[in-house]
S.K.: 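Quick one: structure below, then a few questions.
Chain A is the first sequence line, chain B the second, and so forth, proteins listed ahead of strands; every chain is numbered from 1. Values in this document were obtained by computation on a predicted structure and should not be read as measured data.
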Amino acid sequence: MSLKVYNTLSRTKEEFVPIHPPRVGMYVCGPTVYGHAHLGHAKSYVSFDVILRWLRHSGYDVSYIQNITDVGHLTEDTEGMADEGEDKIVREARRRRLHPMAVTEMYARSYFDDMDALNILRPDISPRATGHITEQIELVTKMLESGHAYEVNGSVYFDVHSFKGYGKLSGRSVDEMEAGARVEVSQEKRHPSDFAVWKKAEAGHIMQWPSPWGPGYPGWHLECSVMSTKYCGGPLDIHGGGIENQFPHHECEIAQWEAVHGGTFAKYWLHNNMVTIHGGQKMGKSLNNYVSLKELFSGQIDDPQRKANVSLSKPYDPMVVRQLLLVSHYRSPIDLSDEALQAAESGYHKLRDAVAAVRGAMGSARPGEADAGVAEKAKDIEARFAEAMNDDFNTAIAMATMFDLVKVANAAVESGATQGALSLIDETFRVLGGDVLGIVTDRMTEAADGGETLDGVMRLVIELRADARRNKDFAAADRIRDGLTDAGIVLEDRPDGTVWKRS
RNA sequence: GGCGGCGUACCCAAGUGGACUAAGGGGACGGAUUGCAAAUCCGUUAUUCAUCGGUUCGAAUCCGAUCGCCGCCUCCA
């Protein structure tokens with residue numbers, strides 16, 4: 001069965017055939033590190049994390065590159081509007097009284113912390129834009145030599161009319177856009193749609209580098225064109241990113257790269273949809289309704305204004321956020337709400353408890369092969385899972401099969417299934433739920449089991465409570481259970497004895 | 001003004017011409033089980049897919065109109 005992916009270039013699902021199988025070069029637009037990551041980042045990077053994992057699971061040898069943008073490009077079009085045109089990173093640096101590089105370093109670390117918490121695999125390479133100034137200057141030079149760019153007063157602009165493919169990704173034409181242009185056009189540009197590939201820096205500008213055109217800094221779209229080629233060694237199989245970057249960012253990347261190198265920059269363009277909040281409102285900085293991942297994980301929103309705009313009843317485990325994202329499709333928008341998070345939490349706990357129950361039962365299960373019934377169900381789940389993932393990474397259906405496996409798992413534990421049956425179920429959870437979806441982890445069962453010391457203490461407490469129950473002293477038994485509940489431990493009296501877990 | 005997308009149960013959300021009563025999760029309700037709970041298991045919860053027309057043997061899925069919502073066109077995952 002072949003993998004089909006939705007390619008923005010063709011606006012259809014296409015069969016996935018890498019340029020040099022089994023190798024796959026995948027580049028995803030990374031964050032601009034001038035603030036903490038928010039839920040939008042989580043959606044994008046969880047989506048591409050699962051795509052990466054499925055490709056690897058399918059046998060592809062994937063190089064995964066994701067840049068860190070540590071130059072906070074001011075836009076060429078807002079030049080002249082002093083307050084709006086400032087470099088984001090420089091602004092943040094001044095606010096915090098730090099060097100810009102200290103700011104980007106801090107937020108890059110914060111970003112990786114959050115991504116780790118979401119169980120997102122780290123990219124093979126996370127190149128920084130500032131580490132590739134030489135290569136960017138080189139590409140600009142080639143654009144000038146080939147007549148695709150022109151220099152004006154220390155800045156260099158790409159001439160969109162020199163590249164006939166401009167607009168092929170986003171489906172627009174230069175002439176149509178001109179009519180509805182909302183922004184003031186820089187006088188230096190020959191055409192409003194031309195974009196800066198190198199910007200002249202004013203004397204006081206902190207982040208600047210020497211270049212053949214004088215001191216300056218690279219244009220926003222340049223880094224991706226350069227770093228993807230450098231680390232994937234040629235055209236990309238997959239270029240991913242958020243849908244809002246389709247235009248102008250990705251359109252410009254294509255233009256720069258293809259104008260200079262010829263051929264196709266990236267074979268498949270994959271775009272994830274956006275996160276909205278409270279019924280479809282865009283989540284954004286200017287709207288004051290965004291939630292950072294750290295806030296989501298801690299349940300605390302410090303900014304009073306944003307706190308009023310975002311309702312969050314409690315902290316959520318990062319894996320609950322991952323669960324929420326996986327239950328919808330990456331090309332669909334997802335709306336954040338406290339209700340949605342709570343539903344995801346309940347679902348995640350159901351999954352976690354089933355995995356823990358299977359692992360817990362394995363030790364004392366009777367030896368034997370997996371019975372035909374369980375084996376057949378596991379096989380069926382695996383087949384439906386693969387079919388879903390091969391259909392443009394349909395994680396919603398893949399997750400549904402995991403809940404079918406939850407049913408199989410609970411039934412097996414209840415009926416005292418064989419060791420073979422339990423380990424087959426566990427293995428299916430590990431591979432499909434763990435390796436591919438990244439939602440089943442060892443951390444899951446650690447949380448349910450607790451440490452060894454606590455385990456000993458809990459054995460004693462459960463024994464004492466069992467004595468009380470035998471003596472019909474239910475008041476004492478309930479007091480113990482209620483007290484433990486307050487302390488964050490749940491007791492379950494099952495037919496074969498009492499078990500405990502963290503709530 | 002230009003380009004694009006969405007509207008499926010109480011909530012989240014798959015499905016995008018025909019296999020079966022439109023996946024799955026949450027919630028609610030009923031039953032089994034239980035000292036009581038929790039968990040688990042079984043069952044119920046959309047004759048219907050924004051509305052109205054049309055194409056078709058057949059439509060949630062295609063076409064048209066209408067209403068509502070959203071994204072991009074300016075930094076943005």
Side-chain angles (χ1 to χ4, degrees), chain A residues 11 28-32 34-35 37-48 69 72-78 81 84-85 87-88 167 170-173 175-184 193 220 240-249 271-276 279-286 290 323-324 327-329 331-335 337 339-348 350-351 353-354 357 384 388 391 394-404 406-407 410-411 413-415 469 472 474 477-478 481-482 485 490-495 498-499 501 503:
Chain A
R11 311 216 172 246
V28 173
C29 283
T32 303
Y34 68 105
H38 54 67
L39 197 61
H41 296 97
K43 176 160 170 75
S44 187
Y45 301 125
V46 166
S47 299
F48 286 103
T69 299
H73 309 280
L74 52 73
T75 59
E76 60 264 29
D77 292 334
T78 49
M81 303 180 227
E84 286 178 282
D87 184 303
K88 286 181 223 167
S170 53
R172 39 190 105 199
S173 78
D175 301 327
E176 279 167 5
M177 281 186 295
E178 197 176 0
R182 296 194 330 226
V183 279
E184 209 180 310
S193 291
W220 174 39
I243 197 170
E244 79 288 347
N245 275 331
Q246 208 176 90
F247 187 91
H249 185 49
H271 289 103
N272 64 275
N273 217 312
M274 316 270 297
V275 173
T276 59
Q281 263 183 287
K282 181 184 174 175
M283 195 173 86
K285 284 225 163 187
S286 54
Y290 69 96
Q323 165 94 16
L324 176 68
V327 154
S328 77
H329 190 90
R331 282 194 290 112
S332 301
I334 188 158
D335 190 59
S337 66
E339 290 88 339
L341 281 164
Q342 279 182 30
E345 183 175 60
S346 299
Y348 177 67
K350 186 173 173 172
L351 184 62
D353 292 347
R384 283 188 291 128
D391 183 15
N394 194 328
T395 56
I397 290 180
M399 284 297 284
T401 70
M402 286 297 95
F403 281 99
D404 289 339
V406 164
K407 278 198 173 64
N410 286 329
V413 171
E414 292 278 316
S415 67
R469 293 176 72 206
K472 305 273 181 206
F474 296 119
D478 288 348
R481 190 173 59 199
D482 293 346
T485 303
V490 178
L491 290 188
E492 292 176 8
D493 296 324
R494 300 190 182 174
T498 301
V499 298
K501 65 183 184 192
S503 51

S.K.: Excluding sequence neighbours, so at least two apart, what forms ring-ring contact (aromatic ring centres under 6.0 Å, His included) with A:His249?
M.R.: A:Trp220, A:His221
S.K.: Rounding to the closest angstrom, what is the interatomic distance between B:rA50 and B:rG7 at atom C1'?
M.R.: 6 Å
S.K.: Under the salt bridge (charged side-chain N to carboxylate O under 4.0 Å, His left out) rule, collect the residues that match up with A:Glu345, sequence neighbours excluded.
M.R.: A:Lys314
S.K.: Where does RNA chain B form stems of at least three consecutive Watson-Crick or G-U wobble pairs, each pair having both distances below 3.5 Å?
M.R.: B:1-7 with B:67-73, B:10-12 with B:24-26, B:27-32 with B:40-45, B:50-54 with B:62-66
S.K.: Distances under 3.5 Å between protein N/O atoms and the N/O atoms of nucleotides 13-22 of chain B, please, pair by pair.
M.R.:
unit_1 : atom_1 : unit_2   : atom_2 : d
B:rA13 : O2'    : A:Val327 : O      : 3.4
B:rA14 : OP1    : A:His329 : N      : 2.8
B:rA14 : OP1    : A:Ser332 : OG     : 2.9
B:rA14 : O3'    : A:Asn394 : ND2    : 3.2
B:rG15 : OP1    : A:Asn394 : ND2    : 3.1

S.K.: Taking the side chain as everything from C-beta on, heavy atoms only, tell me whether A:Thr498 gets closer than 4.5 Å to A:Arg469.
M.R.: yes
S.K.: Is A:Asn410 close enough to B:rC41 that one of its side-chain N or O atoms is under 4.0 Å from OP1 or OP2 there?
M.R.: yes
S.K.: Write down the distance separating the C1' atoms in B:rA59 and B:rG18, rounded off to the nearest Å.
M.R.: 10 Å
S.K.: Residues in salt bridge (charged side-chain N to carboxylate O under 4.0 Å, His left out) with A:Arg384, at least two apart?
M.R.: A:Asp380, A:Asp404
S.K.: Please give the distance between the P atoms of B:rC6 and B:rU44 as a whole number of Å.
M.R.: 33 Å
S.K.: Please state how far atom CG in A:Asn272 lies from atom P in B:rC72, giving the value in whole angstrom units.
M.R.: 13 Å
S.K.: Hey, is the side chain of A:Arg494 pairing donor to acceptor with the base of B:rA39 inside 3.5 Å?
M.R.: no
S.K.: So if I take every side-chain heavy atom of A:Phe403 and compare against B:rG35, B:rG25, B:rC12, which nucleotide ends up nearest?
M.R.: B:rG25
S.K.: Measure from the side-chain heavy atoms of A:Ala343 and tell me the nearest of B:rC73, B:rG25, B:rG24.
M.R.: B:rG25
S.K.: Please state whether the rings of A:His41 and A:His38 are parallel, tilted or perpendicular, taking 30° and 60° as the class boundaries.
M.R.: tilted
S.K.: In whole Å, measure the gap between the P atoms of B:rA23 and B:rU16 for me.
M.R.: 14 Å
S.K.: Using the C1' atom on both, measure B:rU8 against B:rU61 and round to a whole Å.
M.R.: 11 Å
S.K.: The side chain of A:Lys350 lies closest to which of these nucleotides: B:rC36, B:rA23, B:rG25?
M.R.: B:rG25
S.K.: Does the base of B:rG35 carry an N or O that pairs as donor and acceptor with the side chain of A:Asp478 under 3.5 Å?
M.R.: yes
S.K.: For A:Asp482, what residues pass the salt bridge (charged side-chain N to carboxylate O under 4.0 Å, His left out) criterion, not counting sequence neighbours?
M.R.: none
S.K.: Is A:Lys407 close enough to B:rC41 that one of its side-chain N or O atoms is under 4.0 Å from OP1 or OP2 there?
M.R.: no
S.K.: May I ask you to evaluate whether A:Ser337 reaches the phosphate of B:rC11, defined as a side-chain N or O under 4.0 Å from OP1 or OP2?
M.R.: no
S.K.: Could you give the distance separating B:rG27 and B:rU66 at their P atoms, to the nearest angstrom?
M.R.: 42 Å
